[in-house]
Visitor: 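This is the structure I want to talk about, given as structure tokens.
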There are 2 protein chains.
Amino acid sequence: MTVTQSEPVTSGVAATAARPARAPNCGAPPPPHPKPTGEDRYTISEVAEHTGLSAHTLRWYERIGLMPHVDRTHTGQRRFSNRDLNWLSLVTKLRLTGMPVADMVRYAELVRLGESTFAEREQLLTAHREDVRQRIADLQSTLDVLDCKINIYADARRASERF
Amino acid sequence: MTVTQSEPVTSGVAATAARPARAPNCGAPPPPHPKPTGEDRYTISEVAEHTGLSAHTLRWYERIGLMPHVDRTHTGQRRFSNRDLNWLSLVTKLRLTGMPVADMVRYAELVRLGESTFAEREQLLTAHREDVRQRIADLQSTLDVLDCKINIYADARRASERF
DNA sequence: CGCTTGCTTGGAGTGCGCTCGAAGTCTCTA
DNA sequence: TAGAGACTTCGAGCGCACTCCAAGCAAGCG
């Protein structure tokens, strides 16, 4: 049994009841632009274009163990699958929300190790969730200050414009 | 006429009507722990303690022009005022929300230049506010994904615990 | 007086997350 | 078959925001 990468789908003994047949995919985007030919083997530049990451960054992610092993052509060029794209979409979200690369690498490693790591994965994500919540609170409180200051400047401007 | 640093108080020709006598202070904290003696001259280590910034960082902020000129004792040691603390509290918020140091330095410079820079200050803060809003949206969307994945792991754990 | 503690300076070093360059190979189109 | 352009690797370099170091000065205390 293989374990999916970006979608730890309920499988085996775990919670197969009481859930829709279609496993929840946690907001993974629909296959982005599946090739007109129906293929599933994107070049690095296609993926770069699609994800907004540079080709350099994509190679670097693979080198440090953040990509779960990308398929290759017989001549050694990378060919990314839709599954890879989904994984990258998760990674991008985590990165945007400030998860350190080392933590993402750890998570990738846990995913490779299979189901036995569910508990640690849960912990890791839960910790990050707390982090994200805290950051939202910080941002919100700054937003209040910004609103207030901007109002002051705007009032001053409007007042001076009246003359 | 001097211009306050962290509180561009409505002053002079600008908008003195229709606003409370006490200018809004945009959530600046009350004087943090005004010295028992009522003094207003904190050492660098007191400020470091209070703000959570290191003394190194405080000196560095001053060097790069992010602190508006800190008072000194006759022997050259820094003595921070409550006004300095308020400014630092703003800076800390902006920094926590990802404003680049260069932009904060620019803002500090504008504050030093006086009222004529209100418009540019408004622009700068408005741009950052957009940034912050965008980041909140990113965080929120990641939060949804995290919730979903964490639920999956938690379900799996609970299911396995039932046996 | 010597010792400790805390401050001063300028400049060098660190860690993170990329980002780029060089040199060579492969693929695609004409 | 030729040429353009995309791909490969490895390692070095970069920008940001600190962070630390060395050397020295000043104040307080026994």
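Convention: sequence-line order gives letters A, B, ...; per-chain numbering from 1.
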Visitor: To the nearest Å, how far apart are B:Asp71 CG and C:dC7 C1'?
Guide: 16 Å
Visitor: Which heavy atom of A:Thr57 sits nearest to which heavy atom of A:Leu53, and what is that distance?
Guide: CG2-CD2, 4.3 Å
Visitor: Need one value for A:Arg72: base, sugar-phosphate or nothing, where a base atom within 4.0 Å counts as base even if backbone is also close, heavy atoms only.
Guide: sugar-phosphate
Visitor: Once you round it to whole Å, what is the distance between C1' of D:dC18 and CH2 of B:Trp60?
Guide: 6 Å
Visitor: If you check every side-chain atom of A:Thr75, which of C:dT9, C:dC26, C:dT19 has the closest atom?
Guide: C:dC26
Visitor: Looking just at side-chain N and O atoms, do A:Asp84 and A:Tyr42 make a donor-acceptor pair shorter than 3.5 Å?
Guide: no
Visitor: With a 4.0 Å limit, can you tell me whether B:Ser45 has a side-chain N or O closer than that to the phosphate oxygens OP1/OP2 of C:dC7?
Guide: yes
Visitor: Using a 4.0 Å heavy-atom cut-off, does B:Arg63 contact any base of the nucleic acid, only the sugar-phosphate backbone, or nothing at all?
Guide: base
Visitor: If each of A:Thr73 and A:Leu53 is mapped to the nucleotide of DNA chain C with the nearest heavy atom, which maps nearer the 5' terminus, i.e. the 5' end?
Guide: A:Leu53
Visitor: Phosphate oxygens OP1/OP2 of C:dG17: is one of them under 4.0 Å from a side-chain N or O of A:Tyr61?
Guide: no
Visitor: Looking at A:Arg41 and A:Phe80, would you say the former's side chain and the latter's main chain have a donor-acceptor pair under 3.5 Å?
Guide: no
Visitor: Name the orientation class of the two ring planes belonging to A:Tyr107 and B:Tyr153 (parallel below 30°, tilted from 30 to 60°, perpendicular beyond 60°).
Guide: perpendicular
Visitor: Would you say B:Arg78 reaches C:dT9's phosphate, i.e. side-chain N/O to OP1/OP2 under 4.0 Å?
Guide: yes
Visitor: At under 4.0 Å between heavy atoms, what does A:Arg59 touch on the DNA or RNA strands: base, sugar-phosphate, or nothing?
Guide: base
Visitor: Phosphate oxygens OP1/OP2 of D:dA27: is one of them under 4.0 Å from a side-chain N or O of B:His74?
Guide: yes
Visitor: Which whole-number value in Å describes the distance from A:Ile44 CD1 to C:dT19 C1'?
Guide: 14 Å
